[in-house]
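Everything on this sheet refers to the single structure shown next.
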Protein chains: 2
Amino acid sequence: MSALAHLPDTKQFPIRHVAQVTGVLPVTLRAWERRYGLIKPERTPKGHRLYSEADIQTVHQIVRLIDQGISVGRVRQSLSGIGKEEDTVSDWPEFREQLLRSLYGLNAMQALAVLRRVGALYPLHALLGELIRPALLQLQHSEASGRWAFRSMLMQAIHLYMDQRTVGVEVNTRQQPILISRCLAAGDDLQARVFEAQAREAGLDLRWIGSAPSPLAFADLLQTSGAGGGLLWEDAEPVDDWAAQLQQLKHASPVPLAVAGDFSLRHVTRLQELAVPVLAQDATAALQMLRTWK
Amino acid sequence: MSALAHLPDTKQFPIRHVAQVTGVLPVTLRAWERRYGLIKPERTPKGHRLYSEADIQTVHQIVRLIDQGISVGRVRQSLSGIGKEEDTVSDWPEFREQLLRSLYGLNAMQALAVLRRVGALYPLHALLGELIRPALLQLQHSEASGRWAFRSMLMQAIHLYMDQRTVGVEVNTRQQPILISRCLAAGDDLQARVFEAQAREAGLDLRWIGSAPSPLAFADLLQTSGAGGGLLWEDAEPVDDWAAQLQQLKHASPVPLAVAGDFSLRHVTRLQELAVPVLAQDATAALQMLRTWK
DNA sequence: AATGTTTTGTATAAGTTCTGTACAGTTTTA
DNA sequence: TAAAACTGTACAGAACTTATACAAAACATT
């Protein structure tokens, strides 16, 4: 992720172009940068701004947030994917400590407060990777007798936070929604829900519809609901005949389909053989992929 | 609660936006805040009001109550209080229709909106009995191929609504919390969560801690957490040797314990034989019972 | 029924903050 | 050389703030 950030982007655009495609005047773009530091494009040796594709997406997000009614000065907090620079001073251990302390006190509301506080500062994937997953792991290896309760409360708080973050975000409803589900393996849907939240914040109309009873049921729903695509998110190791089931699903689906989740990463080659598209691991790339679908 | 109040929420809106979406003029919003303190938005360092989504929902609720004929000055009680006036004209079929339509459209946010709208007008037990349970039943008997997804979205919306309603309610923290769990039977925890919300709105510090792996684990947590009591909420038919497990739990528990849920109603006599207290079926009586515990 | 009091939405005023844009002067690009 | 971008300052109008004031509606009392 941060490795990507340092690489020169394939395409870079002058300010005029950004203004053109986003509808924000150049002078305003500069003001935003100066006053709120929302977008920090690279520069030519002589100082001219060079906006990357990601920068343009950020501007789009800002515009969307403004349309939603949030004032420019307050956009920063609501914008996911900012706050990469502050990583030098890592507060993560402190946050983890706060989160676990809340759980040990069986205080779900306090745990939620921690998630909110941290979630306002860091992008979702960081929240997942640096706070939530470590906390879950720590609970898993803990010797505390009540860890089942702590884990349960944490999951509860996470779901609530994700929902609160997801609900109320205005998404692009002109496009057909993409349904996201799971049906091959058991387990929680943490990562799927986090990705859903990320996608919705990026303006995509992604909808988690719960775990499907069978691949055919999922295909059926894709058919009848008029969805624009289907995403199968599997993390745990699925049933033995998953390949067959996946083929079945693929043939029955009337719309584009892709697999995602940890499972898909473990079986890339096999999935390639089956000619089932795999969602990019990187969130930005994955979103781009979904955007250009159909 | 007050600790939560000054934490940054993910999204914050200026007063103009609140006015626009609720139809209440900014000047009136300020008057309400000054005169009745119903909504206390955060402030920027310079003093501008910052409304959270929850605040906006509160305003919506207030507007709805005013439309119902309740004067602003008395809204405060009705906001968290249990509505008593029974409706002469029942809108429930209409509400059910709206809810199901939202689900068929796979629109979880719209479903949530329906719950909020109705929940602002009626007490929770009515919401459960007249809207949620009938809707679940209807889905269960529906022939629609995607009913699993509809049910899943409904459960999702319900949980979110309950959580949102539960979070931020000030409870009596001087008393020791009562833990509520489930461990004998499988199934969803819908009714337990609804009761939790009711109890919290009544000022009781009841905390749902998820389903326990075993009765002893629950007893253990009651011990270590310093809880003031334990509530075992079971709806589905439990394992065969539930009586023995319950006895075990009762003996291991260091604090008062009671059983609740549909299961407890089906086995009143047996539970009496075991000398295990059963929570009153009526919500008001049940709350009274918990209040005088210990 | 008539009268007084409280409630409640809106209006006004005077001052502050926010935010998009304009302008001036310089440098870079094509 | 003309067009476009850069920086920094400036400014106007919109939006917010508090505080006081006022009229209509609702409620209470004689």
Side-chain angles (χ1 to χ4, degrees), chain A residues 8-9 11-52 55-56 58-79 82, chain B residues 6 8-9 11-52 55-56 58-79 81 85:
Chain A
D9 262 316
K11 279 183 202 155
Q12 296 183 310
F13 308 90
I15 197 168
R16 181 56 60 191
H17 176 253
V18 183
Q20 186 93 46
V21 296
T22 63
V24 182
L25 291 181
V27 64
T28 308
L29 284 170
R30 285 191 281 260
W32 285 357
E33 182 182 339
R34 173 167 26 92
R35 298 211 256 244
Y36 319 110
L38 292 173
I39 2 84
K40 291 167 199 156
E42 293 194 37
R43 301 295 188 113
T44 69
K46 301 295 166 50
H48 280 209
R49 274 161 255 253
L50 291 173
Y51 291 82
S52 69
D55 288 329
I56 296 178
T58 307
V59 175
H60 271 131
Q61 265 194 56
I62 296 171
V63 171
R64 273 192 336 107
L65 286 168
I66 292 174
D67 286 346
Q68 271 182 251
I70 295 174
S71 61
V72 205
R74 294 282 130 191
V75 157
R76 177 168 251 272
Q77 306 176 353
S78 312
L79 206 56
I82 300 296
Chain B
H6 42 74
D9 210 333
K11 287 216 183 68
Q12 299 177 312
F13 304 89
I15 198 169
R16 117 185 66 93
H17 177 251
V18 185
Q20 205 182 359
V21 297
T22 63
V24 182
L25 291 181
V27 64
T28 309
L29 284 170
R30 285 191 279 260
W32 285 358
E33 181 183 341
R34 175 167 26 92
R35 300 211 255 243
Y36 319 109
L38 291 171
I39 4 86
K40 294 166 210 151
E42 292 188 41
R43 301 295 189 110
T44 69
K46 302 293 172 54
H48 285 203
R49 272 162 255 254
L50 293 172
Y51 292 82
S52 70
D55 290 328
I56 296 177
T58 308
V59 175
H60 269 131
Q61 278 194 21
I62 296 172
V63 170
R64 221 147 256 292
L65 287 168
I66 291 175
D67 287 346
Q68 290 292 304
I70 295 170
S71 67
V72 202
R74 256 145 283 171
V75 157
R76 160 148 260 172
Q77 305 152 11
S78 313
L79 260 188
E85 295 84 55

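Scope of the values below: all heavy atoms of this structure, side chains included, with no hydrogens, waters or symmetry mates. Residue numbers start from 1 in every chain, and the chains themselves are labelled A, B, ... in the order their sequence lines are given, proteins ahead of strands.
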Apply side chain to side chain contact (heavy atoms under 4.5 Å, CB included) to A:Ile56 and A:Phe13, showing your working.
CA-CA 9 Å; A:Ile56 296 178; A:Phe13 308 90; 3.6 Å; yes
Begin from the C-alpha positions of A:Arg43 and A:Glu33 and carry the test salt bridge (charged side-chain N to carboxylate O under 4.0 Å, His left out) through to its verdict.
CA-CA 13 Å; A:Arg43 301 295 188 113; A:Glu33 182 182 339; 3.1 Å; yes
Set out, in order, the CA-CA distance, both residues' side-chain angles and the distance that settles side chain to side chain contact (heavy atoms under 4.5 Å, CB included) for B:Lys11 and A:Leu65, then state yes or no.
CA-CA 9 Å; B:Lys11 287 216 183 68; A:Leu65 286 168; 3.9 Å; yes
Would B:Asp55 and B:Thr58 satisfy side chain to side chain donor-acceptor pair (under 3.5 Å), going step by step from the backbone distance to the final call?
CA-CA 5 Å; B:Asp55 290 328; B:Thr58 308; 5.0 Å; no
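In this structure, the side chains of B:Thr44 and A:Arg74 come closer than 4.5 Å at one or more pairs of heavy atoms. Annotation: side chain of A:Val75 is not in contact with side chain of A:Tyr36 (no heavy-atom distance under 4.5 Å). No side-chain heavy atom of B:Pro26 sits under 4.5 Å from any side-chain heavy atom of B:Arg16.
The side chain of A:Arg49 contributes an N or O atom lying less than 4.0 Å from OP1 or OP2 of D:dC6. Residue A:Tyr36 places at least one side-chain N or O closer than 4.0 Å to OP1 or OP2 of C:dT19. Within the structure, every side-chain polar atom (N or O) of A:Ser71 is placed at least 4.0 Å from both OP1 and OP2 of D:dA15.
Taking atom CD on B:Gln12 and atom P on D:dC16, their separation rounds to 15 Å, with Å as the unit. Rounded to whole Å, atom C1' of C:dT19 lies 10 Å from atom CZ of B:Arg16. Residue B:Leu50 contributes atom CG, which lies 13 Å from atom C1' of D:dT17 at whole-angstrom precision. To the nearest angstrom, C1' of C:dT19 lies 13 Å from CG of A:Leu38. Rounded to whole Å, atom C1' of D:dA15 lies 13 Å from atom CD of B:Gln20.
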Under 4.0 Å protein heavy-atom contact, by nucleotide of nucleotides 24-30 of chain C - B base, S sugar-phosphate only
----SS-
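The minimum heavy-atom distance between B:Ile39 and B:Leu29, with the atom names listed, is CD1-O, 4.1 Å.
Comparing the start and finish of the helix from C:dA1-D:dT30 to C:dA30-D:dT1, five pairs each, the helix axis swings through 40°, to the nearest 10 degrees.
Of the possible polar contacts, none joining the B:His17 side chain to the A:Ile70 backbone as a donor-acceptor pair under 3.5 Å is found.
For the contact set between residues 24-34 of chain B and DNA chain D, defined by any heavy atom under 4.0 Å, the members are B:Arg30.
The nearest heavy atom of DNA chain D to A:Tyr51 and to B:Ile15 marks one nucleotide each, and the one closer to the 5' end goes with A:Tyr51.
Distances from the side chain of B:Ile66 to the nucleotides C:dT19, D:dC6, C:dG9 place C:dG9 closest. Distance from the side chain of A:Arg35 is smallest to C:dT21 among C:dT8, C:dT21, D:dT18.
Separation of atoms CD (A:Gln20) and CG (A:Leu25) is listed at 11.0 Å; rounding is to 0.5 Å.
Between A:Val24 and the options A:Val21, A:Thr22, A:Val27, a side chain to side chain contact (heavy atoms under 4.5 Å, CB included) holds for only A:Thr22.
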